[in-house]
Amino acid sequence: MSLALKLLPLALFLALAGFLAKGLTLNPTELPSPLIDKEAPAFVVDRLPATDGQFDSRDMAGQVWVLNVWASWCGPCVQEHPFLTELAEQRPVPVVGLNYKDQPEDSLPWLARLGNPFSDVLDDRRGDVGLDFGVYGVPETFIMDKAGRVRYKHVGPVDGQALQETLLPVIDQLMAETNS
């Protein structure tokens, strides 16, 4: 048996160990989005309550805005809710709430109980808009620039650290940019 053939199992083991070691350095909360720096999917959906008419995402052109995907059945959405309220109070950007795969009879009382930080509450009962944005689960938060591109995606609940160290600086940077 040649020396190369004898070393083959060791080489395979080292290669496998290298892949596993690389996997340990990755952050499992970072899910890449193919939408980053690309035009946000355009959509038209009903607002909640239904008497408020429809929301057309193209009406947000020229504005920095935030899309938060949430649901009343989502436990982490309760955790992040105070931070979304803080965001809405600290920055003059629309914070739009996409109510994902939820029923209005559940979501509206939830907002009445916890408070409503959203400039618009959108009905995505079938999850079509969430699918277009590549939503893995709730909560997820997207920030769009003035040109209508997705510039940032946050997976999981927004907390104080994410709000202060990431979301607000991204929003401030995008608000300072001119339309491009």
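If you're wondering where the values come from, they're calculated on a predicted model, not measured in any experiment.
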Exercise. So if you build clusters from Ile, Leu, Val, Met, Phe, Trp, Tyr with side-chain heavy-atom gaps below 4.5 Å, do V138 and V78 land together?
Worked result: no
Exercise. Do NZ/NE/NH1/NH2 and the carboxylate oxygens of R151 and D37 come within less than 4.0 Å?
Worked result: yes
Problem set entry | Distance in Å, D172 CG paired with E177 CD, rounded so as to fall on 0.5 Å steps | 11.5 Å
For this session: Please check if any side-chain donor atom of N68 sits under 3.5 Å from a side-chain acceptor atom of E140, or the reverse.
Result: no
Exercise. So L67 and M144, side chain to side chain contact (heavy atoms under 4.5 Å, CB included) or not? Walk me through it.
Worked result: CA-CA 8 Å; L67 179 69; M144 268 60 75; 3.7 Å; yes
Problem set entry | Any P49 side-chain heavy atom under 4.5 Å of L108 side chain | yes
Exercise. Side chains of D123 and R47: does their closest heavy-atom pair fall under 4.5 Å?
Worked result: no
Problem set entry | Side-chain heavy-atom pair F133, V69 within 4.5 angstrom cut-off | no
For this session: State, with a plain yes or no, whether a side-chain heavy atom of S119 is found less than 4.5 Å away from one of V96.
Result: yes
For this session: Apply the test ring pair (Phe, Tyr, Trp, His ring centres under 6.0 Å) to residues Y152 and F142: give CA-CA distance (whole Å), side-chain angles for both, the deciding distance (0.1 Å), then the verdict.
Result: CA-CA 6 Å; Y152 182 75; F142 298 84; 9.3 Å; no
For this session: Would you check if R58 and V44 make a side-chain contact, meaning some heavy-atom pair closer than 4.5 Å?
Result: yes
Problem set entry | Among T141, V121, L84, L98, side chain to side chain contact (heavy atoms under 4.5 Å, CB included) partner for W70 | V121
Exercise. With distance as the sole test, does E80 use its side chain to make a donor-acceptor pair with the main-chain N or O of V158 at under 3.5 Å?
Worked result: yes
Seminar exercise, completed: Rounding to 0.5 Å, atoms CG (N116) and CH2 (W110) come to a distance of 9.5 Å
Exercise. Same hydrophobic cluster for L87 and L114, using side-chain heavy-atom links shorter than 4.5 Å among ILVMFWY?
Worked result: yes
Problem set entry | Evaluation steps, side chain to side chain donor-acceptor pair (under 3.5 Å), between S107 and N99 | CA-CA 7 Å; S107 59; N99 188 230; 3.2 Å; yes
For this session: Dump the intermediate steps for side chain to side chain contact (heavy atoms under 4.5 Å, CB included) on L7 and L3, then the final yes or no.
Result: CA-CA 6 Å; L7 293 177; L3 180 61; 4.1 Å; yes
For this session: Could you grab the distance from atom OG1 of T166 to atom CD1 of I171, nearest 0.5 Å is fine?
Result: 10.5 Å
For this session: Identify, with sequence neighbours excluded, every residue that meets ring-ring contact (aromatic ring centres under 6.0 Å, His included) alongside F55.
Result: F43
Problem set entry | Spatial distance of atom CG (L163) from atom NE2 (H154) [nearest 0.5 Å] | 9.5 Å
Exercise. More than 12 heavy atoms of other residues, nucleotides or ligands under 6.0 Å from CD of E39: is that the case?
Worked result: no
Exercise. So which of L12, L14, L20 actually passes side chain to side chain contact (heavy atoms under 4.5 Å, CB included) with L16?
Worked result: L20
Problem set entry | Taking every non-hydrogen atom, the tightest pair across K38 and P34 | NZ-O, 3.3 Å
Exercise. Are W65 and L35 in one and the same hydrophobic cluster, where Ile, Leu, Val, Met, Phe, Trp and Tyr link if side-chain heavy atoms are under 4.5 Å apart?
Worked result: yes
For this session: Please round to the nearest 0.5 Å and tell me the distance separating atom CZ of R126 and atom OH of Y100.
Result: 12.5 Å
For this session: Tell me, with the steps shown, if D59 and Q54 meet side chain to side chain contact (heavy atoms under 4.5 Å, CB included).
Result: CA-CA 11 Å; D59 292 341; Q54 289 194 313; over 6 Å; no
Exercise. Just wondering, are more than 12 heavy atoms of other shown residues or ligands nearer than 6.0 Å to CZ in R113?
Worked result: yes
Seminar exercise, completed: Rounded to the nearest 0.5 angstrom, the CD-CG distance for Q164 and D159 is 10.5 Å
Problem set entry | Test item: M60 and V93 side chains (from C-beta on) under 4.5 Å apart, heavy atoms | no
Problem set entry | Main-chain N/O of L111 paired with H81 side-chain donor or acceptor, under 3.5 Å | no
For this session: Would you mind checking if R125 and D46 are paired as a salt bridge, meaning a charged N to carboxylate O distance below 4.0 Å?
Result: no
Exercise. Any chain of hydrophobic side-chain contacts (each under 4.5 Å) joining L122 to V95?
Worked result: no
Exercise. Pairs in or reaching into residues 50-130: which pass disulfide (SG to SG under 2.5 Å), with residues at least two apart or in two chains?
Worked result: C74-C77
Exercise. Does any non-hydrogen side-chain atom of I143 lie less than 4.5 Å from one of V150?
Worked result: no
Exercise. Counting N and O atoms only, with roles assigned by atom type, does the side chain of K146 sit under 3.5 Å from a partner on the main chain of M175, one being a donor and the other an acceptor?
Worked result: yes
For this session: For residues D124 and K101, determine if any side-chain heavy atom of one lies less than 4.5 Å from a side-chain heavy atom of the other.
Result: no
